[in-house]
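So the structure is just underneath, and the comments pick up after that.
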There are 2 protein chains.
Amino acid sequence: MAGAATRQGEGEVGDLGAARLARLGNDSLQERVYQELRRAISSGRYGSGEVVTIRGLAEMLGTSPMPVREAVRRLVQDRSLEMLPNRSMRVPVMSSDRFMQLTDARAVIEGHAAFRAAQAMTDRGFDAIRDANDRMGLAIRQLDVTGVVDANREFHFEIYKASGSEVLLSVIDTLWQQSGPYLAVLLRALSATPEALPTVGFGHHFDLLAAFAARDAAAAHKAMDDDIRDAADWYVKHGRAAAGHND
Amino acid sequence: MAGAATRQGEGEVGDLGAARLARLGNDSLQERVYQELRRAISSGRYGSGEVVTIRGLAEMLGTSPMPVREAVRRLVQDRSLEMLPNRSMRVPVMSSDRFMQLTDARAVIEGHAAFRAAQAMTDRGFDAIRDANDRMGLAIRQLDVTGVVDANREFHFEIYKASGSEVLLSVIDTLWQQSGPYLAVLLRALSATPEALPTVGFGHHFDLLAAFAARDAAAAHKAMDDDIRDAADWYVKHGRAAAGHND
DNA sequence: CACATTGATCTGTGATCACAAGAATGCAAT
DNA sequence: ATTGCATTCTTGTGATCACAGATCAATGTG
């Protein structure tokens, strides 16, 4: 596609005025494809069990199949895509079993990250977390569903960054990525009933903030665990009807 | 290198009498390269900070750079390799900070997996775990260091499989892979003093077996936590001198 | 009309070529 | 002898071609 495309590196793809950013974040094309697909999957633009092909994605993105191959390979590696023996790839199918496994793992790991964060918390880190929560409050008052989801992610990851463990951070990141399709359903359910936002939006965020302010690691652990499991429960109750679960 | 290699799929690479296995596990070449590199890294055949190149590995393996590219990309994805901004790749450098992060994450996650395993334990699963531990005992009596390490891995992963959570299993797998270079150092230290095997070899395995026999999840959690942290302590005391730590 | 077979097509995979950006090396000038 | 510059080489990256296996549709046969 895209004309006589023997050129590489700069340009040739995103017409989306990214010239300014391209100079700073000089990523490879493969990297940008990866990020784009990653976001598309985690935001639920591809449904559960949907089949994708390398050539199809390449044409859609206006590149050769080459960068897509590598991006897709990475997505398979962190289980955002799944490779069937039939030589085809698809978005992993949702199941309540898998959802429970993800929730359980997240509660334990992110709970521990909150524990470590409380132990290592700095004033700077605390401010970043509180600011993210404030942005989330604003989004809630405006009934801005995607804004809430974004701010929620930021709030959580500021905590995980504060844990000081790159290892935990990367593990949690892959778990969130795998939870993406579920989150997308939740987001759709919330969009249908935005009046539920003030009720469930904050979760246990204020418990977390109080625990961090007091440097109480055990309390932070419990608050994070509750936040994740309660959100999962809410999803099972309200969101699952909208999902294409096959169980 | 490998003659007129326009063929693909079968053959052309491993002469290592894997014909029988090749029929069963008909993996792609890229998959086999990935597995081979993965094993090489986790067994410490590549030192900390060592630089690798796609073309270099390809020539060494007797393939074109193509499958190596994708295998290396996957290894970067699960952090078995690290990509420098200089456009070069290397085995991640060891640091005691990173080692502590890995140990901490492993203790928590694998402790929880043991917890879930105790809750879901079947007689079949228990037998598999006990058998692996018996094989480890045999290797210890024979002062077979690599045999001990292999059996230890098998013992641990039988437990994680028994947890019933594919999510936990895959997370733990990547953590072990990242711990590979450290483990290799430990292995080398043990080879130097094999008389230490009976002392440290079993760790808390019998505590784990007792906990699983009693379906005592809390005890299993604690035993696994102790097993991992004690092994890490032993490594810091005895193995670290042999490692090329830069901290 | 139901079912098996065959042909076309699509898909992932491997090899090869082309290119740009670093890194390394050699040479020359002070 | 050291420093500055230019050339060469190496490396990852992207595009393109070739190929094998699977899928699917159309067709022919009972």
Side-chain angles (χ1 to χ4, degrees), chain A residues 1-14 22-37 49-77 81-91, chain B residues 1-14 22-37 49-77 81-91:
Chain A
M1 265 326 107
T6 61
R7 299 270 296 289
Q8 73 176 22
E10 194 66 48
E12 194 71 34
V13 161
R23 186 149 303 272
L24 290 177
N26 196 5
D27 296 327
S28 65
L29 186 49
Q30 167 268 135
E31 176 68 27
R32 282 190 284 181
V33 170
Y34 171 73
Q35 296 294 345
E36 175 62 23
L37 291 179
E50 187 167 344
V51 174
V52 298
T53 67
I54 292 177
R55 286 177 174 90
L57 293 173
E59 189 173 4
M60 190 174 310
L61 292 164
T63 73
S64 85
M66 196 67 240
V68 179
R69 268 167 78 163
E70 313 207 346
V72 154
R73 185 75 69 192
R74 291 171 66 186
L75 291 166
V76 169
Q77 192 67 11
L81 285 178
E82 138 182 294
M83 191 129 222
L84 280 69
N86 329 358
R87 216 171 186 162
S88 65
M89 291 171 316
R90 67 176 183 190
V91 178
Chain B
M1 52 139 72
T6 61
R7 298 271 296 289
Q8 74 176 18
E10 195 63 50
E12 195 71 32
V13 162
R23 186 150 302 273
L24 289 176
N26 196 8
D27 297 325
S28 66
L29 186 49
Q30 167 269 134
E31 176 68 26
R32 282 189 285 182
V33 171
Y34 171 74
Q35 295 294 345
E36 175 62 23
L37 291 178
E50 189 168 342
V51 174
V52 298
T53 67
I54 292 178
R55 287 177 173 89
L57 293 172
E59 189 172 5
M60 191 175 311
L61 292 165
T63 73
S64 85
M66 196 66 238
V68 179
R69 269 167 77 164
E70 311 206 349
V72 154
R73 186 77 65 196
R74 292 171 65 185
L75 291 165
V76 170
Q77 191 66 12
L81 285 179
E82 131 184 299
M83 192 130 220
L84 280 68
N86 328 358
R87 214 172 187 162
S88 65
M89 290 170 318
R90 67 176 183 189
V91 179

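Chain A is the first sequence line, chain B the second, and so forth, proteins listed ahead of strands; every chain is numbered from 1. Below, all heavy atoms of this structure are taken into account, side chains as well, without hydrogens, waters or symmetry copies.
A distance of 6.0 Å separates CG of A:Leu37 from CG of A:Leu61, quoted to the nearest 0.5 Å. To the nearest 0.5 Å, atom OG1 of residue B:Thr53 and atom CD of residue B:Glu59 are 9.0 Å apart.
Annotation: side-chain contact (heavy atoms from CB on, under 4.5 Å) contacts of A:Gln35 (sequence neighbours excluded): A:Glu31, A:Arg38. Applying the side chain to side chain donor-acceptor pair (under 3.5 Å) test to B:Arg73 and every residue at least two apart in sequence or in another chain returns A:Glu70. Considering only residues two or more places apart in sequence or on other chains, A:Glu36 meets the side chain to side chain donor-acceptor pair (under 3.5 Å) condition with A:Arg39.
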B:Arg90/B:Val52 under side-chain contact (heavy atoms from CB on, under 4.5 Å): CA gap, chis, key distance, verdict: CA-CA 6 Å; B:Arg90 67 176 183 189; B:Val52 298; over 6 Å; no
Intermediate values then yes/no, side-chain contact (heavy atoms from CB on, under 4.5 Å), B:Ile54 and B:Met89: CA-CA 9 Å; B:Ile54 292 178; B:Met89 290 170 318; 4.0 Å; yes
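With distances taken from any side-chain atom of A:Ser64 to the nucleotides D:dT11, D:dA15, C:dG14, the minimum falls on D:dA15. Here the nucleotide nearest the side chain of B:Leu29, chosen from C:dG12, D:dG14, C:dG14, is C:dG14.
When all heavy atoms are compared, the tightest approach of B:Ser64 to B:Pro67 is O-CD, 3.1 Å. For A:Val76 against A:Met83, the heavy-atom pair with the smallest separation is CG1-CB, 4.4 Å. Nearest heavy atoms, B:Ala58 versus B:Val68: CA-CG2, 3.7 Å.
Across the interface with DNA chain D, nearest-nucleotide mapping of A:Arg55 and A:Glu31 shows A:Glu31 to be the residue nearer the 5′ end. Nearest-nucleotide assignment on DNA chain C puts the 5′-proximal partner with A:Ser88, out of A:Ser88 and A:Met66.
The distance between atom CD of A:Gln30 and atom C1' of D:dG12, rounded to the nearest whole Å, is 11 Å. What separates CG of A:Leu57 from C1' of C:dT11 is a distance of 12 Å, to the nearest Å. Across the protein-nucleic acid pair, B:Tyr34 atom OH and C:dG14 atom P stand 15 Å apart, rounded to whole Å. If you take CZ of A:Arg90 and C1' of C:dT11, they are 16 Å apart, rounded to a whole angstrom. Per the geometry, CE belonging to A:Met83 stands 13 Å off P belonging to C:dT11, to the nearest Å. Summarising the geometry, the separation between CG on A:Asp27 and P on D:dG12 is reported as 18 Å, rounded to the nearest angstrom.
Listed by residue number, the members of residues 68-76 of chain B with any heavy atom below 4.0 angstrom from DNA chain C form an empty set.
Comparing the local axis fitted to the first five base pairs of the helix from C:dC1-D:dG30 to C:dT30-D:dA1 with the one fitted to its last five gives a bend of 10°, rounded to 10°.
Counting only N and O atoms by type, the side chains of B:Gln30 and B:Arg74 include a donor and acceptor under 3.5 Å apart.
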Dump the pairs, protein N or O against N or O of nucleotides 21-23 of chain D, anything under 3.5 Å, distances to one decimal.
unit_1: D:dG21; atom_1: O4'; unit_2: A:Arg87; atom_2: NH1; d: 3.3

